[in-house]
Number of protein chains: 2
Amino acid sequence: MEHTTTDLTIAVRRQLVLSNLSTVASISEATRLSFPTVKKQLEQLIQAGEVFEHGFEDSRGGRPAKRYVYNEQFTHGLTLYVEKTVIRYRLIDCTGKTIDDGTQLILDADHLGALGAVLDRQLDQTSDVSAISLGVAAAVADGTIILAPEYPTFAHLDLKRWVESRTDRPAVIENDMNAAVYGYGHTHELSGDQSIVYIYLGKNGPGAGILINGQLIRGKTGFSGEISFLPLYDDSTFLDRITSERSAPTPAPLSDAALDALGRLVATFTATLNPHAIIFSDVDLVDAELEGIRHACQRHIPAAHTPDLLIGIWEEDYFAGLARRCVGLILESI
Amino acid sequence: MEHTTTDLTIAVRRQLVLSNLSTVASISEATRLSFPTVKKQLEQLIQAGEVFEHGFEDSRGGRPAKRYVYNEQFTHGLTLYVEKTVIRYRLIDCTGKTIDDGTQLILDADHLGALGAVLDRQLDQTSDVSAISLGVAAAVADGTIILAPEYPTFAHLDLKRWVESRTDRPAVIENDMNAAVYGYGHTHELSGDQSIVYIYLGKNGPGAGILINGQLIRGKTGFSGEISFLPLYDDSTFLDRITSERSAPTPAPLSDAALDALGRLVATFTATLNPHAIIFSDVDLVDAELEGIRHACQRHIPAAHTPDLLIGIWEEDYFAGLARRCVGLILESI
DNA sequence: TCGACTTATTAAACCAATTTAAAAAGTTAG
DNA sequence: CTAACTTTTTAAATTGGTTTAATAAGTCGA
């Protein structure tokens with residue numbers, strides 16, 4: 001029996017990996033495929049070594065269901081993100097779990113050289129990497145760097161193709177804010193049509209990632225989430241009010257000016273998108289400061305409409321987003 | 001042969017009505033169904049009187065394709081919207097074309113009474129109305145009126161159920177801004193993942209409708225698009241700057257203050273959603289004024305990212321959105 | 001006007017997933 | 001400990017769509 005990768009196989013595989021369902025019945029329900037069909041796909045996957053039988057589910061009054069688990073070691077992925085002076089990377093199994101991590105310093109602002117070095121080294125150490133996801137603090141469109149004040153060597157480069165030809169593996173390039181909000185949204189299992197905004201104040205100007213119905217909002221020119229340009233005051237922008245604040249070493253308690261600016265920022269999103277939650281990063285704020293922001297927001301907007309204000313773990317969310325994208329690539333390319 | 005309404009029938013019907021495709025080949029391509037399958041469904045629809053054969057397409061070098069058209073008279077729909085002192089309605093055929101229209105004055109702010117009167121009268125005149133769509137300038141969640149400063153008699157009413165039990169037909173209730181942006185988006189054939197914002201300044205406070213990937217953004221509490229609350233200045237909101245303007249009879253040329261406020265509004269959407277286009281209504285602005293707004297926006301945002309600024313015909317867009325929703329209901333209920 | 005070419009339609013064979021029914025493997029009440 | 005009941009799994013039959021191939025109906029150039 002030939003292993004022909006079909007839509008059905010992919011659908012079943014996605015349920016095993018992404019939703020970690022483990023019984024035929026649950027996968028059958030989730031995919032709206034019939035029991036025999038799912039079973040047949042699983043048999044093929046077991047033949048190929050992609051899936052293992054793994055004991056039984058607890059019985060609920062009748063014959064207990066067999067439990068199937070995806071072989072995490074079947075293949076691997078590499079996720080990385082590039083900052084101003086360092087590249088951080090994590091090797092993941094094909095379900096997204098971290099297996100190994102590390103960093104690589106960037107010398108003389110040669111981001112491209114450093115990236116190439118990490119890729120070569122990691123792929124040499126681990127042979128069965130079948131996809132790569134890369135995060136950058138830059139505007140990206142279709143794998144090409146549109147605007148990169150941080151990395152001169154990346155300017156106007158088709159980074160996706162560069163990585164793919166250097167590594168001979170499929171790659172995805174993602175903006176940092178988009179990766180973070182995508183990661184947060186998917187690790188926190190947003191139900192259906194929720195929308196969230198992830199705000200990172202950062203060292204080099206703030207940005208926001210927007211997730212609606214599980215989909216990233218990229219905008220007409222990749223400019224979405226460039227909140228530093230928001231005209232929130234007569235003569236100054238959001239960036240103006242925040243930077244005068246953030247010159248002091250973080251974490252310093254927020255000044256009234258910064259609190260007011262953040263309140264207006266939340267109000268702005270509420271009066272436009274009315275999102276379910278707005279996530280701030282642990283790098284910028286601590287939990288106790290959220291109450292002040294909420295209060296500042298309510299000077300402009302009735303309390304009933306205020307979104308939930310939450311703290312996200314920046315690095316984890318960033319990597320979670322990259323991992324999810326990477327696993328998606330892996331599942332497509334098997 | 002029994003006429004069993006299946007997913008296939010629905011898919012084919014949608015292409016005929018919503019995308020007005022007319023040949024088997026084009027429908028087959030759009031639905032990704034095979035030629036024989038589409039053909040079979042069409043035969044059943046012809047049997048049922050829902051579809052007619054209608055001559056041939058112009059040949060493109062070979063045998064010309066038969067043209068199939070949906071029977072517009074197969075059933076009808078009723079669309080209406082309620083304003084402060086008047087209800088406007090349009091009777092439509094099942095492809096959305098207007099067949100008849102009219103208005104009903106509202107006496108003593110008895111919006112509910114007037115609505116009931118129109119419904120009774122119209123359904124009495126036209127027997128084969130199989131769905132109703134209703135637009136209101138109020139916050140709606142799931143057919144229930146959440147907040148209705150305009151219509152005291154609607155407050156907290158499950159208007160969808162009220163209409164359905166009064167008329168014995170399926171109904172959909174939609175917010176005015178949402179209907180307008182939905183109508184604009186679908187009459188102007190937005191390609192794929194475009195996003196647009198429709199802005200209406202109105203007599204009773206401005207509002208915006210947001211359409212992303214063809215989907216309406218409703219928000220956590222139905223508060224999305226309540227742009228009057230935007231904090232665009234040190235001590236005043238968008239509403240403040242606009243109303244001082246709009247006390248004069250419209251259309252008066254825009255003052256510098258209003259221009260500045262509108263420029264900031266566009267900048268705000270650009271720095272968050274970065275939409276492809278922002279639509280203003282013909283009730284509020286004329287085409288020549290858009291240039292001033294664009295200019296005002298570029299005081300805050302680089303020109304490359306500015307969305308297209310366009311004028312929409314408010315009443316037509318509003319009705320187009322209602323018609324589209326109504327046709328959707330009709331197609332579901334056949 | 002004929003013949004080569006294009007494109008659309010029809011008919012028949014085929015196949016893949018669903019449905020149905022029977023068997024297997026548990027649990028629980030008496 | 002057995003009988004009655006649940007729930008999962010397997011096997012067989014059916015269905016409903018696709019694929020393939022043959023046919024029909026046009027265009028265009030010589």
Side-chain angles (χ1 to χ4, degrees), chain A residues 1-16 19-48 50-71 331 334, chain B residues 1-16 19-48 50-71 331 334:
Chain A
M1 187 183 299
E2 200 39 42
H3 175 84
T4 47
T5 297
T6 165
D7 287 354
L8 301 184
T9 321
I10 293 171
V12 170
R13 197 189 275 127
R14 291 189 79 86
Q15 296 300 327
L16 280 168
S19 315
N20 42 271
L21 297 176
S22 54
T23 66
V24 180
S26 63
I27 294 175
S28 166
E29 189 184 20
T31 56
R32 306 163 123 257
L33 266 41
S34 73
F35 193 103
T37 302
V38 172
K39 179 73 201 239
K40 194 201 234 169
Q41 299 301 328
L42 285 173
E43 272 164 9
Q44 290 182 6
L45 288 170
I46 288 172
Q47 284 281 321
E50 257 187 271
V51 170
F52 298 139
E53 297 193 4
H54 191 263
F56 296 87
E57 210 79 343
D58 286 346
S59 166
R60 295 202 305 329
R63 178 171 177 169
K66 265 192 201 139
R67 183 186 289 139
Y68 299 85
V69 298
Y70 198 81
N71 176 6
L331 294 185
I334 289 178
Chain B
M1 190 184 296
E2 198 43 38
H3 175 83
T4 45
T5 298
T6 165
D7 287 353
L8 303 183
T9 322
I10 294 171
V12 171
R13 196 189 275 128
R14 292 188 78 87
Q15 296 299 328
L16 279 168
S19 315
N20 41 267
L21 298 175
S22 55
T23 68
V24 179
S26 63
I27 293 174
S28 168
E29 188 185 19
T31 56
R32 306 165 124 256
L33 265 40
S34 74
F35 193 103
T37 303
V38 171
K39 181 73 201 244
K40 193 199 236 170
Q41 297 302 328
L42 285 173
E43 272 165 7
Q44 289 181 7
L45 288 169
I46 289 173
Q47 284 282 320
E50 256 186 272
V51 170
F52 297 138
E53 297 191 4
H54 192 262
F56 295 88
E57 208 82 343
D58 285 347
S59 165
R60 295 201 309 320
R63 178 171 174 170
K66 264 190 202 145
R67 182 185 289 139
Y68 298 86
V69 298
Y70 199 82
N71 176 5
L331 294 185
I334 289 179

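Naming convention: chains lettered A, B, ... in sequence-line order (proteins, then strands); numbering from 1 in each chain.
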- Query: Which residue, L331(B), N71(B), L21(B), V51(B), forms the side-chain contact (heavy atoms from CB on, under 4.5 Å) with L16(B)?
  - Reply: V51(B)

Roughly, in whole Å, what's the span from [atom1] in [X] to [atom2] in [N]?
{"X": "R67(B)", "N": "dT7(C)", "atom1": "CZ", "atom2": "P", "value": "18 Å"}
{"X": "D58(A)", "N": "dT28(C)", "atom1": "CG", "atom2": "C1'", "value": "17 Å"}
{"X": "E29(B)", "N": "dA8(C)", "atom1": "CD", "atom2": "P", "value": "11 Å"}
{"X": "E57(A)", "N": "dA25(C)", "atom1": "CD", "atom2": "P", "value": "18 Å"}

- Sequence-distant partners of S28(B), side chain to side chain contact (heavy atoms under 4.5 Å, CB included), two or more places apart: V38(B)

- Task: Return yes if a side-chain donor-acceptor contact under 3.5 Å exists between E57(A) and T23(A), otherwise no.
- Result: no

- Message: Quick check for you: to the nearest 0.5 Å, what is the distance between I334(A) atom CD1 and L45(A) atom CG?
- Response: 9.0 Å

- Under a 4.0 Å heavy-atom criterion, the protein footprint on nucleotides 13-26 of chain D, written with B, S and -, is ----SBB----BBB

- Message: Donor-acceptor check, side chain of T31(A) to backbone of L33(A), threshold 3.5 angstrom: yes or no?
- Response: yes

- Indicate whether OP1 or OP2 belonging to dT10(D) is found under 4.0 Å from a side-chain N or O atom of K39(A). yes

- Salt bridge check: are R13(A) and E50(A) linked by an N-O gap of less than 4.0 Å? yes

